[in-house]
Amino acid sequence: MSGKVVLTYFNGRGKMESIRWLLTVAGVEFEEVNLSNREEFLKLLNDGALMYEQVPLVEMDGMKLVQTKAILNYIAGKYNLYGKDLKERVMIDMYAEGVRDLMELMMMFPFIPPANKSTKLNEIESKATSRYLPVFEKALAGSQYLVGNQLSCADVQLFELTLMLEEKFPTILTNFPVVKAFQERMRNLPSIAKFLQPGSKRKPPPDDNYVKNVCEVFNLKL
Amino acid sequence: MLLDCKPGSSIIAFKPVSAGAMTTYKLTYFNMRGRAELARYIFAYANIDFEDDRVEWKDWPSIKDSFPLGQLPVLEVNGIALTQSLAIARYLAKEAGLLGNNNLEEAQTNSLVDTLNDFTLAIPWREAHPETKAQKIDQLFQSNAPLLLDHLQWHLGDRKWLVGNSMTWVDLYWHVCFTTFNVLRPGFTDHHPTLCALIKRLEEVPSLARWIQSRPETEF
């Protein structure tokens with residue numbers, strides 16, 4: 001046991017949510033510090049805690065970790081969720097990065113002007129069904145996991161994505177039965193079942209308050 | 001055919017006995033789940049009445065020699081003593097129709113039961129030195145458990161039960177073993193979703209749920 005893990009971010013999903021998911025599946029307890037106003041963020045900057053003046057920030061194992069992917073890969077490596085060799089690792093990275101590309105589009109969605117939202121939504125759905133989901137449908141055919149017959153961070157990332165997609169497009173997995181079956185299987189992991197219950201550390205979908213909070217902290221004008 | 005063996009007697013006689021509807025069962029073991037729990041699960045599942053005779057540790061030295069091999073569990077079937085926990089369970093599974101639907105499935109259940117048993121036997125139950133014991137258990141769960149779980153998961157595939165299309169005694173043994181292994185290393189199946197799902201599925205069988213909820217609570 002290596003001591004406390006502390007997450008610093010907004011009180012919302014954003015880029016930190018994937019880290020919350022991975023820590024949960026890895027069985028690692030964590031605490032959260034929420035940035036609710038600009039003063040708190042400026043204090044963090046002045047303390048020199050943020051390598052690139054950005055959050056997410058994860059303090060673990062005596063280090064102040066930034067850069068979402070670096071954090072995710074560290075957790076994956078540490079908790080045996082990164083494959084068994086270099087070739088499995090690159091496959092995991094390929095699948096996980098594809099998932100993150102699509103997630104990135106969805107993450108930016110609350111911040112784009114209302115007039116562009118409908119077009120953006122169509123773009124997300126189209127990319128999901130024509131470019132990304134077919135890849136995972138093929139990868140999971142005849143296999144319990146994406147890579148190497150073993151749970152990896154790519155599986156956790158994909159599971160999170162399927163939930164995000166279904167929030168926006170409830171029937172999107174109808175034509176992807178293999179991915180749907182994968183999602184059903186993953187729900188059986190006790191850590192995931194618990195995380196999906198009310199009262200867990202899972203954050204709700206972004207709403208107007210979340211957008212306001214982020215804009216205030218970063219001094220963004222939309 | 002059951003072996004009619006009275007401890008201390010010099011004659012061992014083979015006496016054909018068939019266990020019919022009015023069979024009396026007495027299962028003697030310590031007050032724990034241990035190597036008797038699989039038999040208890042089968043009794044519960046098949047709704048067969050049995051005497052769940054539990055021996056206290058303090059009483060064991062004085063009665064040990066009255067049991068064949070001086071070991072427990074022992075199942076008395078109409079007064080005839082049967083030893084060896086897996087033989088007991090296999091017999092009860094046969095009576096309850098839990099051996100599989102053909103000879104090959106039966107062999108598969110035996111194979112998986114033996115595999116689970118191998119892991120159980122590898123646990124250093126009797127290691128006196130706590131640090132050594134902890135280290136050996138750590139190593140088992142680090143190196144051997146993943147292989148066991150991968151093997152079980154491969155067997156299970158995307159079906160509901162470990163062998164064939166219906167529950168067999170090896171599904172029950174998986175729950176028995178899971179319960180105890182989870183005490184030694186909580187969350188040891190956290191990377192194996194279909195095996196977790198099988199545990200949940202077993203706990204939803206009413207007769208098993210009833211037994212699990214009502215049985216005496218012991219660590220092992």
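For clarity, every value in this text was computed on a predicted model and none was experimentally measured. Convention: sequence-line order gives letters A, B, ...; per-chain numbering from 1.
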Examine the side chains of B:Thr180 and B:Arg33 and answer whether a donor and an acceptor come within less than 3.5 Å of each other.
-> yes
Honestly, the part of A:Ile192 sitting under 4.5 Å from a heavy atom of chain B is neither
Can we say A:Lys201 and A:Glu32 salt-bridge, meaning some charged N sits less than 4.0 Å from an Asp/Glu carboxylate O?
-> no
Strictly under 6.0 Å, is that where the ring centroids of A:Phe182 and A:Phe136 end up?
-> no
Salt bridge flag under 4.0 Å for residues A:Lys78 and A:Asp61 = yes
Contact class of B:Asp150 relative to chain A, heavy atoms under 4.5 angstrom | side chain
Decide, yes or no, whether a salt bridge links B:Glu204 with B:Lys200 under the criterion of side-chain N to carboxylate O below 4.0 Å.
-> no
Under 3.5 Å, is there a donor-acceptor pair linking the side chains of A:Ser36 and A:Glu40?
-> yes
Close contacts, residues 143-168 of chain A versus chain B, judged by heavy atoms under 4.5 Å = A:Gln144, A:Tyr145, A:Asn149, A:Leu151
Worked verdict on B:Tyr173 versus B:Tyr41 for ring-ring contact (aromatic ring centres under 6.0 Å, His included) | CA-CA 9 Å; B:Tyr173 199 36; B:Tyr41 270 50; 9.5 Å; no
